Amino acid sequence: RIRMNSSGTLKIARNGYIVIAVVFCALGIFLMAVPEKAVKIICVLAGILFLADGIIKIIGYFSRDFYCLAFQFDLGFGILMIAVGIDISKAKSTVAVIDSDGTVLASPFTMAHTQPEMEAFVSYLKGLGEPTTILMEYTGHYHYPVLKKLQDEGFPVCIVNPYQMKKYGDVEIHKAKTDKKDALRIAAYALEKSYKLVPYSSMEQKYEDLKFLSRQYNQRISYVAKLKVQLIALLDQTMPGITRILPLNSRNPEKCALLLFIKRFKSFDEIQRIGKARFLASYDVLAKKASERSASSKGLSIYELAVDSITTRGEDPYIWLSQNQCVDLLSATQNAADEIISQMRNIAETIPEYKVLRAMHGVGDRLGPIILAEIGDVHRFHSGKALNSYAGNDAPPYQSGQFESRNRHISKRGSSTLRKACYEVMQALKLTKPQDDPVYLFMLKKEQEGKPFNVAKMAGVNKFLRIYYARAMELYK
């Protein structure tokens with residue numbers, strides 16, 4: 001129904017433009033035929049035409065224009081428009097400027113990200129005196145200085161996904177890759193696609209802070225995973241098989257029995273040296289500190305493993321030093337990640353839709369802030385389908401002639417962090433099995449239809465994001 005209504009409003013806008021064009025032609029002929037009545041007629045008709053044109057543009061504005069046809073630039077604006085392409089690098093950028101017919105107004109030049117050179121660039125843009133479309137690529141954090149400076153000076157800046165620019169350049173037969181050519185290619189894209197480029201506008205500061213902290217949290221967790229791999233590699237030489245009895249759980253380092261065990265006993269050779277009785281007594285104290293259950297049976301199993309195992313560097317003080325450093329780094333990094341999550345939770349609690357997210361099954365104090373940070377302001381999306389597309393959880397249609405694909409994979413062209421966090425929500429639902437949750441029941445339905453488990457989970461992610469979008473928008477209504 002929405003699509004029919006939007007096409008209807010576009011049809012009204014299109015017919016209105018046609019009528020106005022015909023009226024302009026007829027008016028011109030009439031004024032040339034009767035020049036003595038020109039002034040009065042012009043004033044009356046101009047008022048009518050301006051009113052009609054304004055109404056038609058308002059209709060076009062509120063229509064859902066999927067093909068970006070309602071707001072293409074006027075002919076005069078297109079003739080005068082200048083496109084500026086900026087290829088961003090670390091600490092410098094390459095700039096190219098072309099006009100509406102593709103003529104290079106300024107040969108590509110390099111601009112350092114410093115105040116003097118940025119001020120000179122801003123003065124150059126202001127001196128052009130014509131409508132300007134400025135386009136650059138997303139490049140991590142490298143484009144922020146240029147974006148901030150241009151926005152502070154009042155220039156609308158558009159930002160394009162680098163993948164779009166890559167596919168745009170694939171049409172060239174003789175491909176070349178230099179900063180100058182990239183800047184010219186970006187400027188040409190800005191000129192060709194100017195009718196659908198939207199100036200960049202930053203989200204509210206709290207959403208930006210959440211997104212920044214989410215990136216920092218991901219880095220810490222990634223480092224935790226690397227440290228775990230390194231620590232297990234060291235333990236294979238000093239305590240082979242210990243992780244089968246004491247799992248490596250770093251979520252609470254101060255209570256992790258394995259980390260405390262490594263700091264206390266160093267290697268199996270050290271356990272054999274102190275003897276069975278002393279080891280079991282010492283392990284009971286450690287187990288109480290770690291709130292470990294079945295301390296006596298685990299202690300006996302560890303001692304038997306120590307006696308039966310062959311260590312390769314069990315008495316090497318250098319590997320003991322490496323183990324202790326790895327344990328300390330793992331504990332510090334995990335604590336840093338926990339502190340970041342705590343800060344994210346404090347920010348998220350000030351955002352209204354966080355309560356909606358936390359009320360959904362499978363979302364806890366850790367996943368909630370991460371999902372909210374990746375989604376950002378829900379008003380950016382026009383539908384739940386758009387939100388799924390942002391997460392890369394959409395399956396674009398593929399049809400050609402008589403063929404129409406029925407077995408499509410998700411695109412994965414989106415936020416992998418959001419996709420992963422939502423997948424963890426699906427895993428939590430499978431563990432808790434809430435019988436009144438629509439997402440969990442939907443996953444069970446897909447599994448009963450014969451879908452693979454992962455396919456059913458991603459279908460659940462799709463439904464989860466749609467439900468969240470609907471509830472969040474209802475909250476704001």
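Only this structure's heavy atoms are used, side chains among them; waters, hydrogens and symmetry mates stay out. None of the values given here were measured: they were computed from a predicted structure.
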Q.
Just by distance, no angles: are the side chains of Thr432 and His361 close enough, under 3.5 Å, to form a donor-acceptor pair?
A. no

Looking at [Y] and [X], is any side-chain nitrogen of the basic one under 4.0 Å from a carboxylate oxygen of the acidic one?
{"X": "Glu349", "Y": "Arg345", "result": "no"}
{"X": "Arg366", "Y": "Glu424", "result": "yes"}
{"X": "Arg215", "Y": "Glu374", "result": "yes"}
{"X": "Arg185", "Y": "Glu172", "result": "yes"}
{"X": "Lys175", "Y": "Asp170", "result": "yes"}
{"X": "Glu117", "Y": "Lys92", "result": "no"}

Q | Within 6.0 angstrom of Arg380 CZ, more than 12 heavy atoms from elsewhere | A | yes

**Q.** Neighbour count above 12 (heavy atom, 6.0 Å) for Lys430 NZ
**A.** yes

Looking at every heavy atom in both [X] and [Y], which two are closest together, and how far apart are they?
{"X": "Arg471", "Y": "Met360", "value": "NH1-CG, 3.7 Å"}
{"X": "Glu353", "Y": "Gly376", "value": "OE2-O, 4.0 Å"}
{"X": "Ser389", "Y": "Asp394", "value": "OG-OD2, 3.4 Å"}
{"X": "Lys206", "Y": "Ile351", "value": "CD-CG1, 3.8 Å"}
{"X": "Gly460", "Y": "Met426", "value": "C-SD, 3.6 Å"}

Q) How about Phe381 and Tyr390: are their ring centroids closer than 6.0 Å? A) yes

Q: Kindly say whether the aromatic ring centers of His379 and Tyr476 come within a distance under 6.0 Å.
A: yes

Is there side-chain contact between [X] and [Y], with heavy atoms separated by less than 4.5 Å?
{"X": "Leu418", "Y": "Ile375", "result": "yes"}
{"X": "Tyr354", "Y": "Arg358", "result": "yes"}
{"X": "Tyr168", "Y": "Ile186", "result": "no"}

(Q) How long is the straight-line distance from CG of Leu128 back to CG of Asp99, given to the nearest 0.5 Å? (A) 10.5 Å

Q.
Under a 3.5 Å distance rule, please check whether Ser416 uses its side chain to pair with a backbone N or O of Lys412 as donor and acceptor.
A. no

